Amino acid sequence: MKRVSELHVYNTLTKSKEKFEPLREGQVRMYVCGPTTYNYIHLGNARPIVVFDTVRRYLQYLGYQVTYVQNFTDVDDKIINKAQEEKSEPLALAAKYIDEYFKDADKLNVKRADVHPKVSEHINEIINFVKKLIEKGKAYEIDGDVYFSVRKFDDYGKLSGRSVDDLLAGARIEVDARKKDPLDFALWKKAKDGELSWSSPWGQGRPGWHIECSAMSCKYLGDEFDIHGGGSDLIFPHHENEIAQTESLGEKPMAKYWLHNGFITVNQEKMSKSLGNFFLLRDILAKFDPMVVRFFLLSTHYRSPIDFDDERLQVAQRGLERLRNAYAQLEYGLKNAGSSENGAKLIAATKNAQEQFVQAMNDDFNTALAIAALFDLARDINTYSSEKELDKDALAGAKKVFEDLMGVIGINLAVEQGEKGQILEGLMELIIEIRQTARKNKDFTTADLIRDKLKELGVILEDAPQGTKWKINS
RNA sequence: GGCGACAUAGCCAAGUGGUAAGGCAGAGGCCUGCAAAGCCUUUAUUCCCCGGUUCAAAUCCGGGUGUCGCCUCCA
């Protein structure tokens, strides 16, 4: 395998992998487009959340200080429409789904961003941004609406690889008669009567979609930052428009690296709200361990599509189970380990796995390959565990690395144990001891009964040469 | 119509010039009272097709076929 000793990332802007060098030494500023909160998130929404959380974790693993901003679009046509249907307040509706978003994201072990800005709390920043664009002659007002003049921004199309002429040629855009040019897009929308709105120099209204990300990323990260992420469907027009807005004012590249994840598909077709083929994350989490879902999402490179169905989740579940078994093997081994020369074997295997993992992640966050390194480590752990003598330091070292690397991909191995957990631990030791006595007496009927009944309760017993292990069936 | 991506074993999936990772499923063996877990062996002479470049191509170039995406809200 190619050695990748430094992080390289694929930049949509240049359509190539580039060496990652942050603008400020040791610091990374990143902005990721978050959801429009008018519903529970679906699996397709979960992918960028998990992917960029993993990017962030890896950057931190490398020692960077990361500032991570993810917005919520809580002012939007879809929210307003849904609130009207439900006869509720748009902002209250959006707030509810923001709460629900966090419940889902927490389950997936997604770390909170440093800032989660909302449109509704940045209206002033947005208005000021629009004002400046008008002052610079990049935008114009017509009857309470404000539009951005696309042709006033020479680089328009540089991210999505289209020319202004291409866009016109393919125009499926319904031309708004009031716009000076069909390509122009709204920065500020005039409110209809009684609709959610704020006062502005152009009358009552609300922000267009794209302006929020320019205004909020500028506020928290400046007009020039390191990474901007999101789904591929945001490349055009959303990110293209963000660039036009921000760079019209700042005249510096808005973000150095533009990262975009591929889609989740169902029967090879994009999972999307408009196609109606989406699966809510919480419905999936009702059937599968959240860590399995996360593992599934990371088992393919982030830029490739992933086809979703239950069977594939089950495959991910078995794979993760394999890693968990190896980890349990380490914990179990540590209980009886002493000191042994043979530890060198495991130490070498651990070091190797860590290097493979880092090299994989350095190559544009190749989590699929990084996970392969974890499987290799799992096999080495399992093999080592069958040795007659085990070295405590080697096991502890492997455990630490295993936990750290799983932590980079955001999968928790260590089980949090509360008071009940300790009682459970004690109970299981007791039951296993009783069963062990039965087995010594060749009373296999009793031994099997205990094992079968426990299995019905969701507890799996495994008789290994070193003793009996137990785990809760996930 | 314009722009772009992808096509690797039964399934999933890495690999962008040096002779096909890994996982799941399957087969055989070891271990075990049995089971589970685990370990070992095994499963693509070949990477959609046809040309070309090269000592060397899954990897680069040209053409073709197929699938998908963006161009409209979308992660």
Side-chain angles (χ1 to χ4, degrees), chain A residues 1-2 12 15 17 32-36 38 41-52 76-78 81 157 160-163 165-174 209 229-238 240 260-265 267-275 278 295-296 299-301 303-307 309 311-312 314-326 328-329 356 360 363 366-376 378-379 381-386 439-440 442-444 447-448 451-452 455 460-465 468-469 471 473:
Chain A
M1 163 183 161
K2 189 174 64 174
T12 305
K15 291 186 172 37
K17 279 185 198 171
V32 176
C33 288
T36 301
Y38 66 105
I41 60 167
H42 66 243
L43 187 65
N45 298 315
R47 168 117 98 147
I49 294 164
V50 165
V51 162
F52 291 108
D76 174 89
D77 284 354
K78 292 188 289 291
N81 291 339
S160 55
R162 306 156 207 256
S163 66
D165 294 333
D166 288 342
L167 288 166
L168 273 181
R172 283 155 58 189
I173 311 157
E174 279 183 45
W209 175 34
S232 308
D233 48 1
L234 297 182
I235 296 171
F236 190 90
H238 186 55
E240 196 71 72
H260 293 96
N261 62 275
F263 303 122
I264 305 284
T265 59
N267 297 322
Q268 321 297 329
E269 278 192 328
K270 179 184 174 186
M271 180 186 290
S272 76
K273 288 172 186 170
S274 45
L275 283 173
F278 61 90
F295 189 72
F296 165 74
S299 63
T300 300
H301 185 89
R303 284 189 281 115
S304 303
I306 312 181
D307 205 53
D309 61 40
E311 202 177 319
R312 283 174 230 251
Q314 280 160 17
V315 169
Q317 185 165 36
R318 289 189 206 107
L320 181 55
E321 191 65 26
R322 181 171 165 78
L323 296 180
R324 283 175 164 161
N325 284 339
Q329 197 68 256
Q356 295 297 317
D363 189 7
N366 192 334
T367 51
L369 195 55
I371 286 169
L374 293 174
F375 278 115
D376 286 343
R379 185 193 298 109
I381 288 167
N382 289 332
T383 301
Y384 180 71
S385 297
S386 64
R439 290 178 75 211
K440 270 186 193 152
K442 307 265 185 215
D443 179 5
F444 296 121
D448 289 351
R451 189 172 57 194
D452 292 345
K455 191 177 179 186
I460 308 288
L461 291 190
E462 292 173 1
D463 296 324
T468 299
K469 290 183 291 183
K471 66 182 177 187
N473 194 13

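Chain identifiers are assigned alphabetically (A, B, ...) following the order of the sequence lines, protein sequences preceding nucleic acid strands; residue numbering begins at 1 within each chain. What you are looking at is a predicted structure, and each value in this text was computed from that prediction instead of being measured.
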Quiz prompt | Rounded distance (Å) that lies between atom P of C34(B) and atom NZ of K455(A) | solution = 17 Å
Quiz item: Should we count CG of N267(A) as having more than 12 external heavy atoms under 6.0 Å?
Solution: no
Name the pairs: protein N/O against N/O of nucleotides 8-11 of chain B, kept only if under 3.5 Å.
none

Quiz prompt | Q268(A) or L234(A), whichever maps to the more 5' nucleotide of RNA chain B | solution = Q268(A)
Quiz item: With a non-hydrogen cut-off below 4.0 angstrom, is K78(A) in contact with a base, only sugar-phosphate, or nothing?
Solution: sugar-phosphate
Quiz item: Taking atom P in both C34(B) and A44(B), what distance in whole Å separates the two?
Solution: 33 Å
Pick out the pairs of N or O atoms, protein on one side and nucleotides 35-39 of chain B on the other, that lie under 3.5 Å.
from   : atom 1 : to      : atom 2 : distance (Å)
A35(B) : N6     : D463(A) : O      : 2.8
A35(B) : N1     : D463(A) : N      : 3.0
A35(B) : N3     : R451(A) : NH1    : 2.9
A36(B) : N1     : D463(A) : O      : 3.2
A37(B) : O4'    : E462(A) : OE2    : 3.3
A37(B) : O3'    : N325(A) : ND2    : 3.2
G38(B) : O3'    : N382(A) : ND2    : 3.0
C39(B) : OP1    : R322(A) : NH2    : 3.4
C39(B) : OP1    : N382(A) : ND2    : 3.3
C39(B) : OP2    : R322(A) : NH1    : 3.2

Quiz item: If you measure from the C1' atom in C73(B) to the same atom in C61(B), how many Å do you get, rounded?
Solution: 40 Å
Self-check item: side chain to side chain donor-acceptor pair (under 3.5 Å) partners of D233(A), counting only residues at least two apart
Solution: K270(A)
Exercise. Sticking with atom C1', work out how far A7(B) lies from U32(B), rounded to a whole angstrom.
Key: 45 Å
Quiz item: With a cut-off of 6.0 Å (strictly less than), are more than 12 heavy atoms of other residues, nucleotides or ligands near NZ of K15(A)?
Solution: yes
Quiz prompt | T383(A): partners by side chain to side chain contact (heavy atoms under 4.5 Å, CB included), with sequence neighbours left out | solution = R379(A)
Quiz item: Given that both pair distances must be under 3.5 Å and the pair must be Watson-Crick or G-U, what runs of three or more consecutive pairs involve RNA chain B?
Solution: B:1-7 with B:65-71, B:10-12 with B:22-24, B:26-30 with B:38-42, B:48-52 with B:60-64
Quiz prompt | Set of side chain to side chain contact (heavy atoms under 4.5 Å, CB included) partners for S304(A), sequence neighbours left out | solution = T300(A), H301(A)
Quiz item: For A372(A), which residues count as a side chain to side chain contact (heavy atoms under 4.5 Å, CB included) partner, sequence neighbours excluded?
Solution: none
Exercise. Check salt bridge (Lys or Arg N to Asp or Glu O under 4.0 Å) between R303(A) and all other residues, then give those that pass, not counting sequence neighbours.
Key: D364(A)
Quiz item: Using a cut-off of 4.0 Å on non-hydrogen atoms, how would the nucleic acid contact of H301(A) be classed: base, sugar-phosphate, or nothing?
Solution: sugar-phosphate
Self-check item: All salt bridge (Lys or Arg N to Asp or Glu O under 4.0 Å) counterparts of D463(A), not counting sequence neighbours
Solution: R435(A), R439(A), R451(A)
Self-check item: With S385(A) via side chain to side chain donor-acceptor pair (under 3.5 Å) - residues at least two apart
Solution: none
Exercise. List in chain and number order the residues that pass side chain to side chain donor-acceptor pair (under 3.5 Å) with D307(A), two or more places apart in sequence or in another chain; answer none if no residue qualifies.
Key: T265(A), R312(A)
Quiz prompt | First of I264(A) and R162(A) reached from the 5' end of RNA chain B, by closest nucleotide | solution = R162(A)
Self-check item: K440(A) side chain near G33(B) phosphate (N/O to OP1/OP2, under 4.0 Å)
Solution: no
Exercise. Mind checking side chain to side chain contact (heavy atoms under 4.5 Å, CB included) for K455(A) and listing every partner two or more places apart, or none if nothing turns up?
Key: I460(A)
Exercise. Please answer whether G23(B) and F375(A) are stacked, defined here as ring centres separated by less than 5.5 Å and planes angled under 30°.
Key: no
Quiz item: Base, sugar-phosphate, or nothing: which does S274(A) touch, judged by heavy atoms less than 4.0 Å apart?
Solution: base
